[in-house]
Amino acid sequence: MARPHIEPFVDRDVPFKKMTLPGFPRGMQYKMLSLDTDDGACTMTVLYEPGYKQPPGMSYAEYELFIMSGSVTIGEKVWGPGSYIFVPAGVAIEAMSSPRGATGLLFYNYGEPSFVESDSDHKHAERNRLAMVNSYENMHWTSTNFFPATAPGCMVKVLRFDPRTHGFTFLYCMTPNFWQDNISYHDCCEEAYHIWGTSWMMQFGDLPTGGYFWRPPYINHGAFASKLGILAIGRTDTQLYNHFHFNPWTNIEENQERAASRLLNRNPELYKWVNSHGHNHPIDFEFDHGHAHGDMAHHHGDGMVDHKHKKKKRSRR
Amino acid sequence: MKSIPHKRSREVEAWLRKEEVEQRKRYRKIVAEQEALSPKRDKWIAQFLQRIQTRGVHTHYDQMRKVRPEEIPVKPKRKFRVVF
């Protein structure tokens with residue numbers, strides 16, 4: 001069932017557990033925030049104990065690490081609070097250590113946490129996608145450039161943007177006395193963790209420091225407010241579009257209907273095209289991993305959009 | 001390549017099962033806590049529906065519009081859920 005709706009959850013209420021998965025060195029602890037029960041993808045708060053040492057190695061799934069306190073050393077470079085590291089599947093990073101300890105957030109995408117000691121990349125690794133930045137020191141706050149946009153006082157730093165899905169990872173902040181009086185929902189999953197501060201949402205109440213949510217698509221959230229401001233990290237799996245409204249009681253089905261109706265009005269030609277092709281294999285010529293061969297989700301005009309099958313071999317004549 | 005195909009060990013499968021059980025508990029706790037918040041939430045909603053008629057509802061960034069009384073939605077009879 002992928003990840004359930006976890007909102008709100010405050011990690012300060014639960015203790016750290018020792019990481020016991022094979023391959024991970026001793027000295028790493030975690031709190032599970034959410035887990036995809038299909039593929040094992042998950043989000044965890046992690047604690048690297050002082051003296052933690054990890055040899056060079058890779059993961060079978062891509063992952064993102066955000067340092068909240070303390071520091072880790074990767075190779076010879078020290079990454080302190082605000083550091084964000086995106087490691088594609090199979091990319092081996094240099095030895096990592098944390099002489100004085102650190103806390104962070106660790107996001108495994110598309111697969112369960114894994115660590116394989118290795119000083120070279122896997123043959124399928126895409127090293128060109130590796131990204132490391134200290135977002136506190138080397139990035140500026142910008143206004144959100146979505147349309148329609150969040151109210152003034154909510155700013156972002158985009159840490160990673162996936163050009164194919166338009167999913168992104170971002171720091172966001174709310175200034176003191178931020179308020180936004182509307183209700184929102186999105187077509188994407190949304191996830192966030194409060195690094196510092198408390199914000200309020202009309203459905204869920206206060207989300208304090210250490211507060212977390214994983215919210216599937218089309219779930220109402222808002223109005224919003226924050227008395228003293230917040231600093232948080234957020235992620236989406238696809239494009240974030242703010243479907244604003246003011247009816248507190250709509251349910252997921254009604255929100256989906258409205259979103260589909262808006263798609264019809266915004267992109268009428270695309271809507272018609274998608275609905276008029278019996279065997280629907282959308283092809284993106286820019287992405288050679290995109291596969292027009294049936295191993296991506298598609299349908300045969302029957303609405304079974306999660307349908308997949310393996311590439312059929314073509315006989316040569 | 002989002003994830004590299006590999007075989008999961010029994011330890012990994014066991015770890016995932018354990019975490020799944022704990023997640024179900026977490027989910028049930030959240031649902032119960034949010035149910036208990038209902039009286040407060042009803043007040044917040046009533047205040048919100050007042051504010052959007054006087055100060056307005058945000059439509060884009062700093063743009064707001066005042067909602068007319070006849071536009072105010074009526075609470076449906078079905079059970080109201082915030083966690084799905």
Side-chain angles (χ1 to χ4, degrees), chain A residues 3-9 14 20-22 32 34-35 37 39-42 58-62 88-90 109-112 114 122 124-126 143-144 147-152 180-183 200 202-205 216 218-221 223 242 244-252 289, chain B residues 1-20 22-24 26-27 29-31 33-34 37 40-49 51-53 55-65 67 71-84:
Chain A
R3 299 196 206 193
H5 185 194
I6 300 288
E7 182 172 22
F9 174 64
V14 297
T20 56
L21 279 173
M32 183 59 74
S34 70
L35 171 75
T37 53
D39 62 12
C42 61
M58 54 149 259
S59 163
Y60 290 119
E62 65 177 39
N109 305 328
Y110 312 110
E112 77 282 358
S114 57
H122 188 277
H124 294 310
E126 295 169 323
S143 12
T144 58
F147 187 94
T150 46
Q180 181 177 311
D181 261 340
N182 58 17
I183 297 164
W200 169 89
M202 190 166 68
Q203 293 77 8
F204 309 105
Y218 305 110
I219 292 175
N220 281 337
H221 52 286
N242 288 317
F244 290 149
H245 66 113
F246 54 84
N247 185 339
W249 299 295
T250 58
N251 60 25
I252 288 179
H289 287 140
Chain B
M1 180 63 66
K2 293 168 173 176
S3 163
I4 293 168
H6 61 283
K7 197 174 176 194
R8 279 185 192 157
S9 67
R10 274 193 291 185
E11 292 113 301
V12 173
E13 293 286 1
W15 185 85
L16 287 169
R17 278 196 299 274
K18 197 176 162 198
E19 289 297 335
E20 191 178 336
E22 289 182 16
Q23 178 158 270
R24 271 194 229 118
R26 264 198 311 279
Y27 178 81
K29 187 167 178 275
I30 289 168
V31 169
E33 285 168 356
Q34 290 300 306
L37 198 64
K40 274 191 186 174
R41 184 183 302 115
D42 289 344
K43 280 185 198 163
W44 294 335
I45 289 174
Q47 289 164 355
F48 169 74
L49 294 175
R51 280 200 309 275
I52 61 174
Q53 293 177 77
R55 193 167 63 179
V57 63
H58 277 100
T59 54
H60 166 64
Y61 197 54
D62 59 352
Q63 294 172 23
M64 300 181 77
R65 79 163 178 96
V67 176
E71 292 180 280
I72 295 296
V74 177
K75 186 176 182 179
K77 285 183 182 166
R78 67 182 178 226
K79 187 173 167 54
F80 177 40
R81 293 174 67 187
V82 297
V83 180
F84 292 88

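Numbers restart at 1 for each chain; the letters A, B, ... are given by sequence-line order, proteins then strands. Side chains included, hydrogens not; waters and symmetry mates left out as well; all remaining heavy atoms used.
- In this structure, CG on B/L49 lies 9.0 Å from CZ on A/F246, to the nearest 0.5 angstrom.
- Listed here is the closest heavy atom pair of B/R8 and A/G40: NH2-N, 3.8 Å.
- Within the 4.5 angstrom heavy-atom criterion, only backbone atoms of B/V74 (N, CA, C, O) approach chain A.
- Minimum interatomic distance between A/M32 and B/W15 (heavy atoms only, all atoms of both residues): CE-CH2, 3.5 Å.
- For B/L16, the parts lying near chain A are the backbone and the side chain together; criterion is any non-hydrogen pair under 4.5 Å.
- The two residues A/N182 and B/V57 have their closest heavy-atom pair at CB-CG2, 3.7 Å.
- If you measure heavy-atom distances from A/E7 to chain B, the contacts under 4.5 Å come from the backbone alone.
- If you measure heavy-atom distances from A/P248 to chain B, the contacts under 4.5 Å come from both the backbone and the side chain.
- Counting heavy-atom pairs closer than 4.5 Å to chain A, the top residue among B/R26, B/E33, B/E22 is B/R26.
- Using a 4.5 Å cut-off between heavy atoms, A/H122 touches chain B through its side chain atoms alone.
- Among the candidates B/F80, B/F84, B/Y61, the residue making the largest number of heavy-atom pairs closer than 4.5 Å to chain A is B/Y61.
- Ranked by heavy-atom pairs under 4.5 Å with chain B, the first of A/P148, A/P152, A/A41, A/A61 is A/P152.
- Between the CD atom in B/Q34 and the CZ atom in A/F204 there is a gap of 6.5 Å [rounded to 0.5 Å].
- Atom OG1 in B/T59 sits 14.0 Å away from atom NE2 in A/H245 (nearest 0.5 Å).
- Interface summary for chain B: among A/H124, A/H221, A/Q203, A/M58, the most heavy-atom pairs under 4.5 angstrom belong to A/Q203.
- You'll find the side chain of B/I45 reaches within 4.5 Å of the side chain of A/W249, heavy atoms only.
- With a 4.5 Å cut-off on non-hydrogen atoms, A/P8 touches chain B through its backbone and its side chain both.
- Counting heavy atoms of neighbouring residues, nucleotides and ligands inside a 6.0 Å radius, atom CZ of B/R10 does not exceed 12 of them.
- When A/G205, A/G111, A/G90 are compared by the number of non-hydrogen pairs under 4.5 Å with chain B, A/G205 comes out ahead.
- Here the closest non-hydrogen pair linking B/F48 and A/I183 is CE2-CD1, 3.8 Å.
- Below 30°, between 30° and 60°, or above 60°: for A/Y60 and B/H6 the angle between ring planes is below 30°, a parallel geometry.
- A distance-only check finds no donor-acceptor pair linking the side chain of B/H58 to the backbone of A/Q180 [under 3.5 Å].
- For B/I30, the part lying near chain A is the side chain, with the backbone staying farther off; criterion is any non-hydrogen pair under 4.5 Å.
- Across B/R17, B/E71, B/R81, B/R24, the residue that shares the most heavy-atom pairs under 4.5 angstrom with chain A is B/E71.
- Within the 4.5 angstrom heavy-atom criterion, atoms from both the backbone and the side chain of A/S34 approach chain B.
- In this structure, CG on A/L35 lies 5.0 Å from CD on B/Q23, to the nearest 0.5 angstrom.
- Both the backbone and the side chain of A/N247 come within contact range of chain B, with heavy atoms under 4.5 Å apart.
- Going from atom NZ of B/K79 over to atom CG of A/N251 covers 13.5 Å, rounded to the nearest 0.5 Å.
- Expressed to the nearest 0.5 Å, how far CD of A/E126 lies from NZ of B/K2 amounts to 11.0 Å.
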